[in-house]
Amino acid sequence: MPSFFAAEALLPGGWARDVRIAVDEAGRIASVRPGAAPEGAERLPGLVLPGIPNLHSHAFQRAMAGGAERRSPAGQDSFWTWRETMYRFVALLTPEEVEAVAAQLYVELLEWGFTAVCEFHYLHHQPDGTPYADPAEMALRHLQAARAAGIGITLLPCLYRHGGIFGKEPAPGQRRFLNDLDGFARIVERCREAAAGDAQAAIGLAPHSLRAVTPAMLAAVAAMDGPIHIHAAEQAREVEECLAATHARPVEWLLDNAPVDGRWCLIHATHMDAQEIEDLAASGAVAGLCPSTEASLGDGVFPLRDYLAQGGRFGVGTDSHVGTSPRDELRQLETSQRLALRERAVATSEALPHPGRLLVEAALAGGAQAAGRPLGAIAPGMRCDLVALDPEHPALVGRGGDALLDAWVFSGQGNPVQEVVCGGRRVVAAGRHARREEVAAAFRRTMRGLLARAGA
Ligand code: NGQ
Ligand code: ZN
């Protein structure tokens with residue numbers, strides 16, 4: 001493996017100059033030396049950050065992005081009407097199509113600076129609900145797509161059994177998602193076999209939500225190994241239904257009834273009261289925030305200021321992929337706070353007065369924790385995942401360090417990500433993924449076919 005050289009890099013202790021990063025055969029960082037000479041190393045231009053983990057993806061939804069915006073005949077569009085559209089779309093997808101869509105998504109994520117993805121995967125079965133010959137067929141398509149793109153992946157097979165809290169019968173549109181615990185365990189086992197020995201892949205667990213599993217199922221999943229991701233408290237209606245069924249709010253219920261700790265990632269956690277904010281922060285779990293999707297679906301605004309004041313951990317994901325950039329997720333996260341609170345520079349502290357810096361560091365730490373893989377820092381033992389921002393880009397020119405991060409997060413529409421290294425391999429050079437054209441050609445064919453079949 002090559003060594004890399006960065007004129008300016010964000011290390012765990014802060015900014016450093018002339019940093020030489022050696023990589024071992026497995027794609028891990030072997031050593032990091034500031035104040036070193038560049039000879040013999042591959043130079044990364046500009047300012048180098050650790051690659052950012054994306055902690056929440058439903059890859060197939062990339063094919064729906066922008067395609068579910070029409071007012072329905074009855075009006076009153078919401079998350080729930082979007083979900084009906086999504087269920088109709090889900091019925092169309094073949095394994096080949098899912099793989100082509102996922103590959104396109106993963107190439108895009110890399111080009112924007114995400115170097116790892118947590119794939120929350122529930123589209124398991126054939127359209128009528130029958131498992132494929134290999135019950136993990138669909139899951140393994142995502143692993144294939146990640147390998148083709150060269151992105152790291154935490155594959156999170158999802159347990160989905162019910163259609164509402166607790167134990168409601170599922171709807172026909174949910175057939176492709178459904179498993180009992182045994183079926184789920186078989187898929188997890190197949191995924192573990194397929195990922196064994198692959199330093200770029202890990203397997204975790206995704207009980208979908210309190211709407212999809214019973215407390216007993218949740219306890220069974222919690223007894224298994226790996227990071228645990230669960231959707232919680234995204235919609236106000238979900239909070240009301242949970243209160244009616246359990247006399248507790250979703251985050252409150254989880255904190256009281258499940259062993260929520262640093263292994264857990266609560267996706268969205270949008271609707272929390274003051275006690276839940278305090279308790280979630282104290283639990284050590286990560287809040288998995290997906291600002292562009294949460295805005296798109298009309299979920300609500302995450303209480304970031306209060307959560308940060310309690311020391312809460314978070315990372316970002318792109319979920320339905322209406323956005324595919326860490327920059328856009330972090331920008332939307334902060335600007336939504338500004339709109340709601342009528343303040344500025346919300347995601348800051350006395351120690352970290354630049355929101356760009358605080359947001360990037362939080363996304364690195366929280367994302368790495370949620371991914372359950374050694375990444376998120378330029379330090380020995382971590383995956384060698386690096387993102388170089390072009391210092392000559394008009395949005396960044398003349399700035400360095402924290403000021404450059406602010407400029408990246410809060411200004412411009414273009415993409416200043418110039419080079420991306422993932423697992424020690426350079427996958428994006430001069431802003432372009434090595435396989436961009438080939439992957440995009442398959443994606444275009446797939447989209448045309450899908451949209452024709454959807455009658456769109
Ligand atoms: C999902 N997406 O699983 O894809 C969900 C919708 C649900 C978001 N929550 C389905 N953004 O939560 O029931
Ligand atoms: Zn989700």
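Indexing begins at 1, ligand by ligand and atom by atom, following the structure's order. Keep in mind that what you see is a predicted model, and the values were worked out from it rather than measured.
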I need the atoms of ligand 1 closer than 4.0 Å to a non-hydrogen atom of His231, numbered in the order shown. 3 (O)

Glu234 versus ligand 1: do any nitrogen or oxygen atoms come within less than 3.5 Å of each other? yes

Can you tell me if an N/O/S atom from His268 lies under 2.8 Å from the Zn ion (ligand 2)? no

Going by heavy atoms, is Phe120 under 4.0 Å from ligand 1? no

Neighbour count >12 (heavy atoms, 6.0 Å) for atom CD, Glu343: yes

Would you please classify the geometry between the Phe60 ring and the His58 ring as parallel, tilted or perpendicular, with 30° and 60° separating the classes? tilted

For atom 10 (C) of ligand 1, closest protein heavy-atom neighbour: Arg83 CD, 3.5 Å

What is the name of the N/O/S atom of His231 that is nearest to the Zn ion (ligand 2)? NE2

So is Met86 in contact with ligand 1, going by heavy-atom distances below 4.0 Å? yes

Could you tell me whether Trp82 approaches ligand 1 through its side chain, its backbone, both or neither, with non-hydrogen atoms closer than 4.0 Å? side chain

Would Glu294 count as a contact residue for ligand 1, given that I'm defining contact as a non-hydrogen atom of the residue lying under 4.0 Å from a ligand atom? no

Within a 6.0 Å radius of atom CZ on Arg344, are there more than 12 heavy atoms belonging to other residues, nucleotides or ligands? no

Answer yes or no for Cys290: is there an N/O/S atom below the 2.8 Å cut-off from the Zn ion (ligand 2)? no

Contact atoms of ligand 1, heavy-atom distance to Leu297 under 4.0 Å: 11 (N)

Testing His321, His231, His229 one by one against His56 for a ring-ring contact (aromatic ring centres under 6.0 Å, His included), which residue passes? His231

For atom 3 (O) of ligand 1, find the nearest protein heavy atom and state the residue, atom name and distance (0.1 Å precision). His208 NE2, 2.7 Å

Here the atoms of ligand 1 under 4.0 Å from any heavy atom belonging to Asp319 are 11 (N)

How far is atom 4 (O) of ligand 1 from its nearest protein heavy atom, and which residue and atom is that? Tyr122 OH, 2.6 Å

Are Arg83 and Phe177 in a cation-pi setup, meaning NZ or CZ lies under 6.0 angstrom from the ring centre and within 45 degrees of the ring axis? no

Could you point out which residue of Arg331, Gln337, Gln332 forms a side chain to side chain contact (heavy atoms under 4.5 Å, CB included) with Pro291? Gln332

Ligand 1 and Arg211, any nitrogen or oxygen pair closer than 3.5 angstrom? yes

Using the side-chain hydrogen bond (donor to acceptor under 3.5 Å, both in side chains) rule, take Glu278 and Tyr307 through it: C-alpha gap first, then chi angles, then the decisive distance, then the call. CA-CA 7 Å; Glu278 191 181 325; Tyr307 185 67; over 6 Å; no

Is Arg62 paired with Glu108 through a side-chain N to carboxylate O contact shorter than 4.0 Å? yes

Testing Arg435, Arg432, Arg436 for salt bridge (charged side-chain N to carboxylate O under 4.0 Å, His left out) with Glu111, which one passes? Arg436

Roughly how far, to the nearest 0.5 Å, is CG of Leu49 from OG1 of Thr115? 10.0 Å

Relative to the heavy atoms of Gln61, which atoms of ligand 1 are at a distance of less than 4.0 Å? 4 (O)

